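Here's the structure, in structure tokens; my notes come after.
Keep in mind that the numbers below use all heavy atoms, side chains included, and drop hydrogens, waters and symmetry copies. Within every chain, numbering begins at 1; the chains are lettered A, B, ... in the order of the sequence lines, protein sequences first and strands thereafter. A quick note: this is a predicted structure, and the numbers were derived from the prediction, not measured.
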Amino acid sequence: MDTDLAQPRLDNAAILAGLNAPQQQAVAAQATHLRVIAGAGSGKTRVLVHRIAWLVLNKQLAADSVLAVTFTNKAAAEMRKRIQTLLGAAARTMWIGTFHGITHRIMREHALAMGLPRNFQILDSDDQLRIIKRIIRGLEFDEEQVEPKRAQHFINRHKDEGRRYAHLSHDVPPEQTYFMQVYERYERHCQRGGLVDFAELLLGVYELWQQRPDILQGFQQRFAHVLVDEFQDTNAIQYKWLRALCGPQTHITVVGDDDQSIYGWRGAKVENIHGFAQEFPESLTIRLEQNYRSTNAILAAANALIQHNEARLGKQLWTEGVKGELLSLYGGFNELDEARFIVDRTRKWLQQGGALNDVGILYRSNAQSRAIEQSLRQANLAYKVYGGLRFFDRAEIKDVMAYLKLLVNQHDDTALERVINVPPRGIGERTLLQIREHAKSAQLSLWQAAQQISTGMTGKAGRGLVQFFALIERLMAQLPSITLPQLTQQVIQDSGLLAYLKTQPGEKTYARIENLNELTSAVTQFVENLGSLTEVSSQYADKNLPHFLAEIALDAGERDVQDNQCIKLMTLHSAKGLEFPLVFLAGLEEGLFPHHRSLNTKELLEEERRLCYVGLTRAMRKLYLSYAEKRAFSGNVGINRPSRFIEEIPNALLEKLNTNNTVRPALSAPVKSSSSMFKQAKHLGSEFPFKMGQTVMHPRFGEGVVIGGEGSGQMARVQVRFAQTGEKWLALAYAKLTAL
DNA sequence: AACCATCGACTTTTT
DNA sequence: GTCGATGGTT
């Protein structure tokens, strides 16, 4: 797709060559601000890259007066690579990075002004959760009532919106007062420890700019052009941050597709791209609607589907390419039948000369992969499941990382707690409790507290502590004289992690040991790359290690999807930005896709539809849609109607393979009012195991009476009035209700 | 302190 | 069904 070659002499003709008219307009737009609505497969990255080249060439810009922001490291790396191809070495000094990477860089530069220690640490969500758990325990809250995950979500949601504890109204629903207290303590904890979570990177820099207009002005003057990729995914704080950065002289270019906005649930605001023209009156909007990826049939289906959304800027994808095959729809008897169908058609594809890595199998939720994997294994087809646990999130890797963190900062309590008894060295819960108590009362870090306590200690725990201190100190002493890969090896060996792993039985042990080896090669790779970056460090671990830790914290470890000679399985969310000649979109069932938790509000439902749109537009040549009439879920069997999204695709584009089944068509609209729920329940009939007014038994809530119901299959819920607990909505798929 | 059994949860995910 | 957390037991 990309035929860019290094040009000996780059001129405008070369930059614009091979681009269609709207692409050229976007690349060379003179408007103060620019919004590019870039449909799927319309050459978005290409336009972004060529625009940067055009700007540098025509506006005589210094390369470092351009700032290009993306969401993922992968996108940033790709962009830098392609700019390098066009502009050569000039791309080196250009500010290209993720929101978090760039704010991290700014934060390092201005740590002092932000009241941060020079060696501030970045928390990943795992670290964050651990801290929150500790705080909840410290406050002596019941973890049942104040769930750590929800507290984390509470904190992150507010920070992503730019709200500190101090900004919050204290007039909140009672259940949130707990979260408020956790938030307050969490803020203090991070402040004290020099800990920075992901949201803090953005929020911290934003606040710095608010408090120090001089610093802000410096950045405003430095960047003549700011370009933002995937603008539809920006959240509130990212938007505020960008808004602040745009001074009177700044030009901003945003690129995105409101129809592919699928991250509303984690705070992304489609409004940002929708309202751009109002917010930036001197702006031009250009639509890229010519698609270079899919057949006409696929695009027609995608266009038809997305037209059911109201909240959109509007656009129609088209192609000069072939009409292509119709989409095929298969209604499986159950999820295994669906999987067999997928295997069958994959085989057919291979027989016709297709390749394994042409194939992408996409689904709404991870759990769906199991049945498909099973069938693929039986058929001996090579596949890989993308998503799930990231490399650096694996327990054994995090253990090693925690040791490395401790070497940089012994007062990193989170890291210490993680590894003080991993591998087991006799330091149990009681000892740990003692250490925590002492740390709390004497205002010490756990490291300090442990050292003080260990002096009077004899026995197993005491020996374990001494051994642990000796290990850390010995490794610390080596930092200035060994390389980072050597250090990593030492940690793996000397900590006893490797030896301990080897003694553990279980099939996963081998994979874990492999992971540790892979970590060493990742570290080696990091050190090699370091030489080519601007921040050249000495080869020794004392200099490299802090950089490495920051890098890893900001690295999702995105795996390269493209090359592997195998079938790719992934969720629709992870498939965004990818393309496959042959795509299976599985599990098109009401309740699963659209997901039952998105059925009740229009906004969520439209996001589901956009997700479906993303799925359809991944396909280049052939697209299969499928659903299962019955699907096993958490041990239960759910009966689902085919997804409404199927109906939203014109019949003329669909070849129906096996849909002569017993399942009735989808509900045309979500159930809204409670009275209609009530009616619905009465008429639900066979698949609804309870009648109105029936007495039922619940293992936890006891006896109750059915007073309402809604939905069917996986989304079926009943309302029950319990004697003790009052009225509750219970999902039939989860609740173990028995009729009395 | 380590191990085992039982219980419960269960959309999507980058930084 | 399966993973992870928890609580009770050894």
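- Annotation: side chain of A/Leu376 is not in contact with side chain of A/Ile342 (no heavy-atom distance under 4.5 Å).
- Contact between the side-chain N/O atoms of A/Ser574 and the OP1/OP2 oxygens of B/dT13 is found at a separation under 4.0 Å.
- When the side-chain nitrogen and oxygen atoms of A/Thr571 are compared with OP1 and OP2 of B/dT13, one or more of them lie within a distance under 4.0 Å.
- Judged by the 6.0 Å distance and 45° axis criteria, A/Arg610 is not positioned over the aromatic ring of A/Tyr613.
- Closest approach of A/Glu338 to A/Ser626, counting heavy atoms only: OE2-OG, 2.8 Å.
- For A/Asp197 and B/dT14, the CG to C1' distance is 14 Å, given to the nearest whole Å.
- At whole-Å resolution of the value, CD1 in A/Ile262 and P in B/dT14 are 10 Å apart.
- Between A/Ile427 and A/His595, the one whose closest nucleotide on DNA chain B sits nearer the 5' end is A/Ile427.
- Within the 4.0 Å cut-off from OP1 or OP2 of B/dA2, at least one side-chain nitrogen or oxygen of A/Asn421 is found.
- Residue A/Glu608 is in base contact, counting any heavy-atom pair closer than 4.0 Å across all strands shown.
- As a whole-Å value, the separation of A/Gln368 CD from B/dC10 P is 17 Å.
- Between A/Pro424 and A/Asp393, it is A/Pro424 whose nearest contact on DNA chain B lies nearer the 5' terminus.
- Distance, A/Glu147 CD to B/dG8 C1': 12 Å, rounded to whole Å.
- Shortest non-hydrogen contact noted between A/Leu446 and A/Ile435 is O-CG2, 3.7 Å.
- Stacking between A/Trp265 and the base of B/dT12 is present: ring centres sit under 5.5 Å apart and the planes differ by under 30 degrees.
- Of the side-chain N and O atoms in A/Asn366, one or more sit less than 4.0 angstrom from OP1 or OP2 of B/dT12.
- With respect to A/Asp337 and A/Arg340, a salt bridge is recorded, a charged nitrogen being found less than 4.0 Å from a carboxylate O.
- Between C/dT2, B/dT12, B/dT13, one nucleotide has an atom nearer to the side chain of A/Tyr263 than all others, and that is B/dT13.
- Rounded to whole Å, the distance from CG on A/Leu578 to P on B/dT14 is 12 Å.
- Per the geometry, CD1 belonging to A/Ile136 stands 15 Å off P belonging to C/dA5, to the nearest Å.
- Atom-to-atom, OH of A/Tyr386 to P of B/dT14 comes out at 14 Å; the value is rounded to the nearest Å.
- Distance A/Arg370 CZ to B/dC10 C1': 13 Å, rounded to the nearest Å.
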